[in-house]
There are 2 protein chains.
Amino acid sequence: MKIDPKSSADLSAQIAKAIRDAIVGGEMIVDERLPSETELCDQFDVSRSTVREALKRLAAQNLIRTQRGATGGAFVRRLSYDEAQAQHVTTSTLLLSMNAVDFETACEARFALERACAPLSAERRTPDNLATMRAEIHRQGQPGLSDERFCDSDVAFHRALVDGAGNPVLSYQLAGAVEAMQPLMNMITFTQRNRDQIINLHTQIADALEAQNGVRADTALAELSDYTLTLGRQAMEARANRAK
Amino acid sequence: MKIDPKSSADLSAQIAKAIRDAIVGGEMIVDERLPSETELCDQFDVSRSTVREALKRLAAQNLIRTQRGATGGAFVRRLSYDEAQAQHVTTSTLLLSMNAVDFETACEARFALERACAPLSAERRTPDNLATMRAEIHRQGQPGLSDERFCDSDVAFHRALVDGAGNPVLSYQLAGAVEAMQPLMNMITFTQRNRDQIINLHTQIADALEAQNGVRADTALAELSDYTLTLGRQAMEARANRAK
DNA sequence: AGTGTTTAATTGTCTGACATTTTAAATCGC
DNA sequence: GCGATTTAAAATGTCAGACAATTAAACACT
């Protein structure tokens, strides 16, 4: 691990990169201890503040964890699915909001991804997954449910659908994408009629998955995609009119 | 933005979280300047080192950029598609390697995602996308190409396929997933026969997309998925035998 | 008006100190 | 000898103050 003192970049960034490369490149294994801050000072020939700033950068990326005390220090951290997904959601949410991605693009991406796992989910969904879907459908029908809670339940429903595929990597990728969509979905006002139609389609999807009929699940998802797109367009129009 | 001095967590982590929430929550817009380090010291009532460590955490997540000099400071950074994707790739790669995700799971996820955009790509692919695919197919047939370069070209081919859907959000999600798979793919040794078969399927996919035939593209992708899975299984077995 | 020069603001780095936390060793009492 | 307590050591977390480097604006001079 070497750094270039002549480089214009910040020293702390260079050091972070050097250590990150070592971790990502497999030179350090999970739970292995990094040299102490003082030792890193000697290795890179910089002050402790600089080393610490570098370590904080790595900590922010969930690459290391630190422990205080005699046997403490910085340790290579195992990235869990949950953490990875949380990071994915944060990144995606920010990307969507900062780049003013329109509803249609995001919605299309979301349903395209979800349809990707419909066949797998039809094949492998567990009774647990089905129960979750049914429970969320029931919740969606409750009177007096706020739009925001309705969206929460919608996300939970789709999460169960995705988990039904029994592929944790797929779940991580898709759940991140679906969750990131939520702020956009929250701009929609769901009338009772809208909700009834969505619940109807959710039921069709759950039924199809229970019957292990991938094609029917896909068809219902396609319909749900179209319907959501329509609702989104209406919401955008209403918003545009209000702005006038 | 407030922090809790009684909390056990690191002050720098709390401060980073407070600022992050403000940015993600839309309280600060792109290119807006954060208070200077000294001002933040006063606001949060901590020392400058602590503030700096917090800012480095945010910089590591691409949330801010810093500039030196008179009109310098920390600014909210616009997250670009490329950066978001790079982050996604890093996270996914690390997740796969650290959790010893097996080839089959990753491969299944990858192709399920790719098949998600086949219909859209068939509908919208540009002549540019098609040209890229043809060029990569040609490259894949060149004699003397190393396995690694072959994989690179494979990724480029699929990247063009995904981009063909004309949905940047989808591209970001999928390209990240596909690229993260590459280290696993690189463990495979591609014989001439393997390559011929893959090139054949790639050609079928390109032909189907050119003809705007989504179903045929999907079929070819499914076949490619099965074939890649088989190759991966063989590679894993060979590796297991060598280990004995 | 144009052109250097100074100055002020801001981040980047260094040094040294002290606080806090945690473990391991040393000590003490029995 | 052994258990309990105390002490010491190692490590991260925080603070304070200084200086370096960079940049843009204000200023002075021609």
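Chain letters run A, B, ... following the sequence lines, proteins first, then strands; residues in each count from 1.
Per the geometry, CZ belonging to B/R68 stands 17 Å off P belonging to D/dC19, to the nearest Å. Here the P atom of nucleotide D/dA11 and the CG atom of A/D42 are 12 Å apart, to the nearest Å. In this structure, A/E37 places its CD atom 15 Å from C1' of C/dC14, rounding to the nearest Å. Rounded to whole Å, the distance from CD on A/Q67 to C1' on C/dT20 is 15 Å. In this structure, B/F44 atom CZ and D/dG13 atom P are separated by 19 Å, rounded to whole Å. The interatomic distance linking B/Q14 (CD) with D/dT14 (P) rounds to 9 Å, in whole Å. Atom CG of B/L11 is separated from atom C1' of D/dA16 by 16 Å (rounded to the nearest Å). We find that CD1 of B/I15 is positioned 11 Å from C1' of D/dT14, with the value rounded to whole Å.
B/R65 comes within 4.0 angstrom of nothing in the nucleic acid, heavy atoms only.
For DNA chain C, the neighbouring residues in residues 47-58 of chain B, judged by any heavy atom under 4.0 Å, are B/R48, B/R52, B/K56.
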Exercise for the section: Check the pair B/E83, B/R77 against salt bridge (charged side-chain N to carboxylate O under 4.0 Å, His left out), reporting the backbone distance first and the verdict last. Expected result: CA-CA 11 Å; B/E83 276 168 359; B/R77 181 168 182 175; 2.3 Å; yes
Exercise for the section: Output, in order, the C-alpha distance, side-chain angles, deciding distance and verdict of side chain to side chain donor-acceptor pair (under 3.5 Å) for A/T132 and A/N129. Expected result: CA-CA 5 Å; A/T132 305; A/N129 299 134; 5.7 Å; no
Practice task
Decide salt bridge (charged side-chain N to carboxylate O under 4.0 Å, His left out) for A/R65 and A/D31; before the verdict, give the C-alpha distance in whole Å, the side-chain angles of both, and the deciding distance to 0.1 Å.
Solution key: CA-CA 9 Å; A/R65 65 190 154 77; A/D31 287 333; 2.7 Å; yes
Problem - Residue pair B/E136, B/H158: steps toward the side chain to side chain donor-acceptor pair (under 3.5 Å) verdict - result: CA-CA 10 Å; B/E136 293 300 337; B/H158 288 277; over 6 Å; no
Practice task
Apply salt bridge (charged side-chain N to carboxylate O under 4.0 Å, His left out) to A/E53 and A/K56, showing your working.
Solution key: CA-CA 5 Å; A/E53 286 175 13; A/K56 292 312 154 201; over 6 Å; no
Exercise for the section: Determine, stepwise, if the pair B/D154 / B/Q182 fulfils side chain to side chain donor-acceptor pair (under 3.5 Å). Expected result: CA-CA 9 Å; B/D154 185 63; B/Q182 221 183 347; over 6 Å; no
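Residues A/G69 and A/S12 each lie close to DNA chain C; by heavy-atom proximity, the contact nearer the 5' end of the strand is made by A/S12.
Proximity note for B/T66 (side chain, C-beta onward) versus C/dA9, D/dA11, C/dT11: the nearest is C/dT11.
Between A/T71 and the phosphate of C/dA24, there is no side-chain N or O to OP1/OP2 separation shorter than 4.0 Å.
Taken to the nearest 0.5 Å, the CG atom of A/D128 stands 10.5 Å off from the CE atom of A/M133.
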